[in-house]
Amino acid sequence: MKKNLPYDKTDPKSIEKYAQRLIDHCLSEFLDEKKRRKLHYASNVRKKGGFGQLIEEEYFKIRPGTDKGPDFKEAGVELKTSPLKEMRDGWWSKERLVLGIINYDDIVDETWEKSSFKRKNDLLLLIFYLYREGILIIDLIIRHARLWRIPDDDIPIIKNDWETIQEKVKKGLAHEISEGDTLYLGACTKGVTKASVRSQPASKTKAKQRAFAFKQKYVNFILKSFLRDLGFIIKDSDRIVKDNKEYEDGKRLEQIVIDRFKPYLGRSIRDISKELQIKIDEKAKNYNDILTKMILGVINTRIEEFEKADIVVKSIVLEENGKLRESVSFPAFDYIELSKETDWDSSALKQLFEKKFFFVIYQKNGDDSKILKKVMFWNMPYADLNKEVKSVWKETIKRIKAGDCDNLPRISDNRVSHVRPHGRDKRDVCMAPNGKSYTKKCFWLNAKYVRDQIGITD
DNA sequence: GCATGATCATGC
DNA sequence: GCATGATCATGC
């Protein structure tokens, strides 16, 4: 360790101030010529994982130790770097923000308050950089550098997330952990190879190595708070839970949401909208959005908790006889992008179906009206995702590569998912790898499968 | 103008 | 009654 550091290593504010000199600059500007030339040829300047490491070593002049405590021990500050990608409306989170590896053997004996997670990640120094493909990491521009800790409003949910993950390990189900299990804090796979597995205390089955991570959508809210402080006007969202007292006794967001709906179940849309004094056109395709927001007390904006947790809201309409007619659609895929995928675990489809869903279930009522029947949170069972959907994904890619784009897996081919057109109309096409254009298509969840999953039996 | 969620239309 | 293809409607 160098003696004369250009910052006070015991003072978080001093570390932050020093970090902020990086803003609008890249790391190479702070290196001497010799070092720069040396690093230019080093292997770790090409891997994005090396970015955090280089910032620590070459800029802060610290050697990251073991993963027991935070990087700046004396100040209790943990350094995290994370990439932003350019979107239509600015630079936003490129990926989830990965925190420490989960030690399955230790977590079962911890409590949230005394967890190693909390000890290590209590105060973060977040450095966000602008990611550009093909650019050496020492030449990437830094956009934000700020101290950050979990806001009080988010703690109940993150604590519940941590406990959900802990619970799964306690039950010997570490190998079935999914990002859809939790809301803001996920457990993402992490390892040198995809095959990295480790033992778990309550089962003989080896589990993939995982790390805690703030979900990508959650990271965007961190960025929004930074931008607000910089004077940017950021569009508002509205919370379901306005007072954290609602989370007392360990009550979960899911339960709070379901409770909010209870007074309205079994009633017609017309009846509910009359009571809530809103106009809902039941023919409009967004009636479900409006009704859901009104019942949750979110007006004219987005549902903050759902956005942060990347929860997908879907309306499901049962026929009079209780059957579900329509399968559930998703955004259209790009034939070329899809055909390039080789790894299921990092595929767009797995990411999509791994999310948590909120189903708002209606039933048709004969006289052209609909009854709000049930609401539920859902995420896809592990095997359905990693066996059934995976096989549909594989087969789809195989046929696209073979140029067989109008003959993709049908509803009768798989219990869970199929492929079908999904565009504005049939002229809405998209190029395939063979150079021809085909109607846009997407993966669907089979109606029958969804019906089984929502557990309505009459 | 387009992406996306939702739903319709047709034919067997 | 279901499979499949096609299209509507809204919001950004």
Side-chain angles (χ1 to χ4, degrees), chain A residues 87-90 92 217 220 224 233-238 269 278-294 298-303 306-307 310-335 337-338 348-349 351-353 355-365 368-370 372-373 375 378 392 395-396 399 404-431 437-452 454:
Chain A
M87 311 286 281
R88 260 193 320 232
D89 58 343
W92 296 103
K217 289 282 164 62
N220 278 340
K224 283 183 193 178
I233 311 267
I234 301 295
K235 232 181 167 185
D236 262 344
S237 52
D238 200 0
I269 296 182
I278 43 172
K279 276 222 151 69
I280 295 183
D281 176 6
E282 287 180 50
K283 293 279 175 291
K285 294 188 177 188
N286 65 341
Y287 70 85
N288 180 50
D289 277 333
I290 297 171
L291 189 105
T292 300
K293 283 178 186 167
M294 290 308 291
V298 169
I299 301 158
N300 283 331
T301 179
R302 308 180 189 203
I303 307 171
F306 281 15
E307 279 219 359
D310 205 5
I311 291 170
V312 182
V313 179
K314 290 281 182 188
S315 75
I316 290 172
V317 180
L318 305 171
E319 299 297 304
E320 278 176 73
N321 61 14
K323 292 207 174 177
L324 176 54
R325 207 183 99 80
E326 302 295 345
S327 294
V328 178
S329 70
F330 290 88
F333 54 68
D334 180 315
Y335 292 101
E337 289 303 312
L338 180 60
L349 186 62
Q351 266 184 49
L352 179 63
F353 283 167
K355 291 180 185 186
K356 194 180 278 297
F357 289 79
F358 181 60
F359 290 150
V360 186
I361 303 161
Y362 301 89
Q363 178 151 22
K364 285 190 184 165
N365 199 19
D368 219 28
S369 73
K370 291 192 195 94
L372 177 60
K373 191 163 174 73
V375 291
W378 178 80
V392 176
E395 186 61 28
T396 303
R399 294 192 198 170
D404 210 2
C405 297
D406 278 331
N407 176 30
L408 299 175
R410 294 157 194 275
I411 199 164
S412 49
D413 293 343
N414 183 275
R415 188 170 56 81
V416 179
S417 177
H418 66 282
V419 179
R420 215 158 18 116
H422 188 197
R424 268 191 314 288
D425 54 42
K426 67 177 177 183
R427 288 161 308 175
D428 193 11
V429 294
C430 173
M431 183 92 80
S437 288
Y438 296 89
T439 315
K440 283 185 188 163
K441 297 191 180 71
C442 77
F443 290 95
W444 296 67
L445 287 180
N446 299 358
K448 217 183 265 168
Y449 174 71
V450 174
R451 181 164 191 262
D452 288 345
I454 60 182

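These values consider heavy atoms only, across backbone and side chains, with no hydrogens, waters or symmetry-generated copies. Residue numbering restarts at 1 for every chain, and letters A, B, ... go by the order of the sequence lines.
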Within the structure shown, what part of the strands sits under 4.0 Å from [X] by heavy-atom distance: base, sugar-phosphate, or nothing?
X      : value
A:V317 : sugar-phosphate
A:Y362 : nothing
A:K441 : nothing

To the nearest Å, give me how far apart [atom1] ([X]) and [atom2] ([N]) are.
X      : N     : atom1 : atom2 : value
A:N286 : B:dT4 : CG    : P     : 17 Å
A:Y287 : B:dT7 : OH    : C1'   : 9 Å
A:R88  : B:dG1 : CZ    : P     : 15 Å
A:D428 : B:dT4 : CG    : C1'   : 11 Å
A:N288 : B:dG5 : CG    : C1'   : 10 Å
A:I411 : C:dG5 : CD1   : C1'   : 13 Å
A:K355 : B:dG5 : NZ    : C1'   : 14 Å
A:L408 : C:dG5 : CG    : C1'   : 13 Å

* Counting only side-chain N and O atoms of A:K440, is one of them less than 4.0 Å from OP1 or OP2 of B:dC2? -> no
Sequence neighbours excluded, which residues qualify as ring-ring contact (aromatic ring centres under 6.0 Å, His included) partners of [X]?
X      : answer
A:W92  : none
A:F358 : A:F261, A:F306, A:F377
A:Y438 : A:Y335

Measure across [X] and [Y] and return the closest heavy-atom pair with its distance rounded to 0.1 Å.
X      : Y      : result
A:E282 : A:K370 : OE1-N, 3.4 Å
A:R399 : A:P409 : NH1-N, 3.7 Å
A:H418 : A:S327 : CE1-OG, 3.4 Å

Which protein N or O atoms sit under 3.5 Å from an N or O of nucleotides 9-12 of chain B?
unit_1, atom_1, unit_2, atom_2, d
B:dA9, N6, A:R325, NH2, 3.1

* Asked: When you measure from every atom of DNA chain B, which of residues 418-426 of chain A have a heavy atom less than 4.0 Å away?
  -> A:H422, A:R424
* Structure fact -> When A:A332 and A:W444 are each assigned the nearest nucleotide of DNA chain B, the 5'-most assignment goes to A:A332
* Is there a donor and acceptor pair, one atom on the side chain of A:S329 and one on the base of B:dA6, closer than 3.5 Å? -> yes
* Looking at residues at least two apart in the chain, or sitting in another chain, which of them share a salt bridge (Lys or Arg N to Asp or Glu O under 4.0 Å) with A:D289? -> none
* Asked: Which class fits the ring pair A:Y287 and A:Y362: parallel under 30°, tilted 30 to 60°, perpendicular over 60°?
  -> perpendicular
* Asked: Taking NZ, NE, NH1 and NH2 as the nitrogens, is one of them in A:E319 or A:K364 under 4.0 Å from a carboxylate oxygen of the other?
  -> yes
* Structure fact -> Per side chain to side chain donor-acceptor pair (under 3.5 Å), A:K440 is matched among A:D425, A:D428, A:D334 by A:D428
* Asked: Hey, which of these two, A:K285 or A:R302, hits DNA chain C nearer its 5' end, going by closest nucleotide?
  -> A:K285
